[in-house]
Protein chains: 2
Amino acid sequence: MRKVFLFMDTVINKVDAKGRVSLPSDYRAIVKELETEIVCYRSLSLPCIEGCLEETLDKLATDIEDSTDFFSETQDNLTNLIFGDAKRFTFDSTGRIMLSEKLLKHAQITDTAVFVGKGRKFQIWNPQNWQKEEERIRREVLKNRPVLKKNKEE
Amino acid sequence: MRKVFLFMDTVINKVDAKGRVSLPSDYRAIVKELETEIVCYRSLSLPCIEGCLEETLDKLATDIEDSTDFFSETQDNLTNLIFGDAKRFTFDSTGRIMLSEKLLKHAQITDTAVFVGKGRKFQIWNPQNWQKEEERIRREVLKNRPVLKKNKEE
DNA sequence: TGGTATAACATGGTATTTTATGGGATTCAA
DNA sequence: TTGAATCCCATAAAATACCATGTTATACCA
């Protein structure tokens, strides 16, 4: 039994006419072992789909409760945006999930999708968009390398 | 049960046409005893593959979560770069892992690879590149030797 | 200490399994 | 009843497990 569960790697899969995509087998293994489900929602800031385990969203709910006021507009807005958008996605016997029109449109995905591991989360991108975004991030992080180091060493 | 786990030594192994390489047996022993897995990714600054234990990356994920905000751009950038590139590598009954095209290309490895221990991490190099890098490092350390000594004795 | 037996290892090759993906059948709901 | 969602089957390719062999390192004994 493994001890660590991380979404990793970058894999490109096809999206068929019905909107079906194979979830990367590594991701499936995590879902199965933890006996949980995948949840997907539109990224708040980027043109991509974001996914995580149900547990992770549960933790987020707690964090939002703890860090914002029950009656605050912030809490209202956040919870509406996130949980109003999120949805469970179970995969079939061949390992595919069916992404909704809403999600596909937001990420501008048509016939190909890129899964990008983010540790506790992952993202699903249009391949061209992801390529641009990756280049942007590399430039950004290399420029600010001291920041990365600082975080690591603390 | 041993108390110390360090990747050490420098081992040269062949890479076959499928990209298979024997993981040094010492490394395998660590993975087995800790009941964990190896994770590899492209070095951010050098033309080599870097590897560590899954636990190490898990700790990093936790550190990033703790030191940056769930919605922050910093967290986004970092996790994309690190976990998007990293991948689990399990070895078969004969002790081999299968390196991906992406990794081999980044490290300019074709038919031979050098494993270099780095303590908690290790690196995999193209033999010629490693030779040059080692010479560079030796020169560098000799140049700064007084500083090194000073630190030790204080 | 020297020599031999034994075990571990690296590595080439092959067999088996898993995975991605297209297509069709069945079920469900509006 | 029609469109959509779910399930099931088929297939090719890729990943993985397994087997065999020569070599090196280790353990053992005289």
Side-chain angles (χ1 to χ4, degrees), chain A residues 2 7-33 37-40 49 51 87-105 109-117 122 124-127 130, chain B residues 2 7-33 36-41 49 51 54 86-105 109-117 122 124-127 130:
Chain A
R2 80 213 274 196
F7 294 112
M8 292 191 277
D9 206 1
T10 299
V11 327
I12 302 178
N13 280 341
K14 288 195 179 166
V15 182
D16 70 12
K18 301 180 196 174
R20 294 183 300 181
V21 221
S22 287
L23 198 68
S25 62
D26 287 355
Y27 295 10
R28 268 145 49 193
I30 294 177
V31 174
K32 276 186 188 168
E33 272 195 80
E37 295 292 345
I38 290 286
V39 170
C40 292
I49 303 167
K87 183 175 170 352
R88 286 175 89 170
F89 286 88
T90 59
F91 51 85
D92 63 21
S93 58
T94 60
R96 284 182 286 200
I97 56 173
M98 223 186 82
L99 296 171
S100 65
E101 261 311 309
K102 186 176 73 175
L103 292 178
L104 291 171
K105 195 178 163 195
I109 293 170
T110 54
D111 59 350
T112 318
V114 183
F115 290 79
V116 183
F122 62 89
I124 314 175
W125 285 81
N126 165 307
W130 167 243
Chain B
R2 76 215 274 195
F7 294 112
M8 293 190 277
D9 205 2
T10 299
V11 177
I12 301 179
N13 280 339
K14 286 196 182 166
V15 182
D16 71 11
K18 299 184 201 168
R20 293 184 301 182
V21 222
S22 286
L23 199 68
S25 61
D26 287 356
Y27 295 11
R28 267 143 52 192
I30 294 176
V31 173
K32 277 186 186 167
E33 269 195 84
T36 181
E37 296 294 344
I38 290 285
V39 169
C40 292
Y41 51 93
I49 303 167
E54 227 178 352
K87 184 175 174 356
R88 266 177 133 217
F89 288 88
T90 59
F91 51 85
D92 62 22
S93 57
T94 61
R96 282 182 290 198
I97 57 173
M98 219 185 84
L99 295 171
S100 65
E101 263 307 312
K102 186 176 75 174
L103 291 177
L104 292 172
K105 195 177 161 195
I109 292 170
T110 53
D111 59 352
T112 318
V114 184
F115 290 80
V116 184
F122 62 89
I124 314 176
W125 286 80
N126 165 306
W130 169 242

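Predicted model only: the values in this text are computed from it and were never measured.
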Atom [atom1] of [X] to atom [atom2] of [N]: distance rounded to whole Å?
X: B:Phe115; N: C:dT11; atom1: CZ; atom2: P; result: 10 Å
X: B:Glu101; N: D:dA13; atom1: CD; atom2: P; result: 18 Å
X: B:Lys32; N: C:dA8; atom1: NZ; atom2: C1'; result: 11 Å
X: A:Asp111; N: C:dA20; atom1: CG; atom2: C1'; result: 15 Å
X: A:Tyr27; N: C:dT19; atom1: OH; atom2: C1'; result: 16 Å
X: B:Asp16; N: C:dG12; atom1: CG; atom2: C1'; result: 8 Å
X: B:Leu99; N: D:dT16; atom1: CG; atom2: P; result: 12 Å
X: A:Leu23; N: C:dA20; atom1: CG; atom2: C1'; result: 12 Å

Which heavy atom of [X] sits nearest to which heavy atom of [Y], and what is that distance?
X: B:Trp130; Y: B:Val114; answer: CD1-CG1, 4.0 Å
X: B:Ile97; Y: B:Thr90; answer: CG2-O, 3.9 Å
X: B:Val15; Y: B:Ala113; answer: CG2-CB, 3.8 Å

For the helix from C:dT1-D:dA30 to C:dA30-D:dT1, what angle separates the axis at the start from the axis at the finish, each from five pairs, in steps of 10°?
50°

Point-to-point distance, once rounded to the nearest 0.5 Å, from [atom1] of [X] to [atom2] of [Y]:
X: A:Leu103; Y: A:Lys87; atom1: CG; atom2: NZ; result: 9.0 Å
X: A:Glu37; Y: A:Phe91; atom1: CD; atom2: CZ; result: 7.0 Å
X: B:Ile12; Y: B:Lys14; atom1: CD1; atom2: NZ; result: 11.5 Å
X: B:Asn126; Y: B:Thr110; atom1: CG; atom2: OG1; result: 6.5 Å
X: B:Ile124; Y: B:Cys40; atom1: CD1; atom2: SG; result: 4.5 Å
X: B:Ile49; Y: B:Ser100; atom1: CD1; atom2: OG; result: 7.0 Å

With A:Arg96, which of A:Asp16, A:Asn13, A:Leu23 fulfils side-chain contact (heavy atoms from CB on, under 4.5 Å)?
A:Asp16

Could you list by number each residue of residues 7-15 of chain A showing a heavy-atom separation from DNA chain D of less than 4.0 Å, or answer none if no residue does?
none

Shorter than 3.5 Å, N or O on both sides, protein versus nucleotides 17-28 of chain D: list them out with atom names.
{"residue": "D:dA17", "atom": "N6", "partner": "B:Arg20", "partner atom": "NH1", "Å": "3.4"}

Using a cut-off of 4.0 Å on non-hydrogen atoms, how would the nucleic acid contact of B:Ser22 be classed: base, sugar-phosphate, or nothing?
base

Between A:Phe7 and A:Tyr27, what is the ring plane arrangement, given parallel below 30°, perpendicular above 60°, and tilted in between?
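Perpendicular.
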
